[in-house]
Amino acid sequence: MWPYPKILAHRGGGTLAPENTLAGFRTGLQFGYRAAEFDVMLTRDEVPILMHDPKRGRTLPGEGAIAAADWDELRELDAGGWLGPAFAGERVCTLEQGLDFCLEHGIWMNVEIKPGAPEQARRTGELAALAVRRRFDGLLAALREKPDAAGAASLPVLSSFSFEALMAAAQAAPDLPRGFLVDVIPADWEQRLRTLGAVALHTSHKNLTPELAGRVKAAGYGLFCYTVNDPARAAEIREWGVDAFCTDRVDLISAHAW
Ligand code: G3P
Ligand code: MG
């Protein structure tokens, strides 16, 4: 139900490095992480970049929506200085750069599709899925020829809070696995997973209960939690049947704890 890595660095490398940057992935690697979650958003001119906030101001200097800025403007910005002088000058990472880096370093990916504006939902899903699909074309073709469990487990999972974005991703890259992200598990979760052809439910550990976890697992889905930073809490949700989680604290939680 979840053949993928069990413990992932959140937003690239957790909170010890600027989120959604190559510095983040490098930090995860230093702590032994070979799996990461990161967020993908589109610029106005439809360049997929790794970005969490829909607006500048926290991790990027200046103001304004990411969806209203072209890549040429964003590529010049400092995406690391906000966390400390050691990271000053770190650049915004494109999805292409992120995919290349992860493939080169053997980092498994949970690609969170995060539309920065509602009107970009479909395009964000479509373009993110196409970019990932291009990188995995060879493996996808080989898997169609001959199923192979290890190969299938190395495929990235595409996830999103946006049902619309994930539907678009499913159309663009039907063979890539999908996880539906929810903060609170809705009553119709199973119907939604079925419509999306999703393999897993991704949810906040804060709103999960042992009963809900049991239901998701009994229905045959993978169950992924965000964002668990306390080793004791990680042990608790494991008891509930949770398959995997992401963490900000790659220094506190061993990548091999599960
Ligand atoms: O993938 C789960 C997690 O990343 C969702 O929360 O806001 O950190 O993207 P957020
Ligand atoms: Mg995320």
Side-chain angles (χ1 to χ4, degrees), residues 2 4-21 24-25 27-28 33 35-42 48-60 65-67 79 82-83 92-93 95 98-99 102 107-118 120-121 124-125 128-129 132 155-163 165-166 169 176-186 189 192-193 196 198-208 213 216 221-230 233-234 237 242-250 253 255:
W2 185 272
Y4 314 110
K6 295 177 181 307
I7 308 185
L8 283 56
H10 183 224
R11 301 187 193 172
T15 43
L16 301 183
E19 63 193 49
N20 289 311
T21 66
F25 292 127
T27 298
Y33 276 68
E37 180 269 359
F38 55 80
D39 307 297
V40 178
M41 199 173 282
L42 290 186
I49 60 171
L50 305 200
M51 188 59 56
H52 181 275
D53 293 7
K55 286 190 175 132
R56 284 159 65 173
R58 184 177 66 90
T59 67
L60 280 187
I66 301 300
W82 65 278
L83 196 62
V92 176
C93 184
L95 174 57
L99 290 168
C102 288
I107 300 173
W108 181 83
M109 295 170 267
N110 170 358
V111 180
E112 188 194 331
I113 300 163
K114 213 175 210 33
Q120 281 188 333
T124 312
V132 175
L155 290 174
V157 168
L158 305 179
S159 60
S160 189
F161 286 106
S162 166
F163 186 84
L166 214 46
L176 287 175
R178 289 170 294 286
F180 185 44
L181 249 168
V182 291
D183 181 31
V184 176
I185 298 179
W189 65 270
R192 286 182 170 258
L193 290 186
L196 288 163
V199 299
L201 185 69
H202 297 204
T203 191
S204 168
H205 75 94
K206 291 184 182 157
N207 303 315
L208 189 65
V216 175
Y221 290 103
L223 181 56
F224 174 89
C225 277
Y226 70 94
T227 302
V228 183
N229 296 327
D230 172 14
R233 179 63 172 166
I237 61 170
V242 170
D243 294 299
F245 68 92
C246 61
T247 184
D248 286 326
R249 296 304 303 268
V250 297
I253 295 183

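Note that ligands are numbered from 1 as they come in the structure, with each ligand's atoms numbered from 1 the same way.
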How far is [atom] from its nearest protein heavy atom, and which residue and atom name does that atom have?
{"atom": "atom 1 (O) of ligand 1", "answer": "Glu37 OE2, 3.1 Å"}
{"atom": "atom 8 (O) of ligand 1", "answer": "His10 NE2, 2.7 Å"}
{"atom": "atom 5 (C) of ligand 1", "answer": "Glu112 OE1, 3.4 Å"}

### Query
Have Asn229 and Thr247 got a donor and an acceptor in their side chains that come within less than 3.5 Å?
yes

### Message
I'd like to know if the side chain of Glu37 reaches the main chain of Cys246, judged simply by a donor and an acceptor atom lying under 3.5 Å from each other, with no hydrogens or angles considered.
### Response
no

### Message
When you compare ligand 1 with Asp39, is there at least one nitrogen or oxygen pair between them that comes in under 3.5 angstrom?
### Response
yes

### Within-cut-off N or O pair, Ser159 and ligand 1, under 3.5 Å
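There is no such contact.
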
### Query
Is ligand 1 under 4.0 Å from a heavy atom in the side chain of Arg11, in the backbone, in both, or in neither?
side chain

#### Entry: Euclidean distance, Leu166 CG relative to Ser160 OG, rounded to 0.5 Å
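The CG atom of Leu166 is 5.5 Å from OG of Ser160, to the nearest 0.5 Å.
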
#### Entry: Aromatic ring proximity His202/Trp189, centre distance under 6.0 Å
no

Looking at [X], pick out the N, O or S atom nearest to the Mg ion (ligand 2) and give its name.
{"X": "Glu112", "result": "OE1"}
{"X": "Asp39", "result": "OD1"}
{"X": "Glu37", "result": "OE2"}

### Query
Between Phe38 and Cys93, is any pair of side-chain heavy atoms under 4.5 Å apart?
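No, their side chains stay 4.5 Å or more apart.
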
### Query
Does the side chain of Lys114 reach to within under 4.5 Å of the side chain of Phe161, using non-hydrogen atoms?
yes

### Message
Between Asn20 and Val40, does the side chain to side chain contact (heavy atoms under 4.5 Å, CB included) criterion hold? Intermediate values first, please.
### Response
CA-CA 9 Å; Asn20 289 311; Val40 178; over 6 Å; no

### Message
Taking a cutoff of less than 4.0 Å between a non-hydrogen atom of the residue and any ligand atom, is His52 in contact with ligand 1?
### Response
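Right, His52 reaches ligand 1.
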
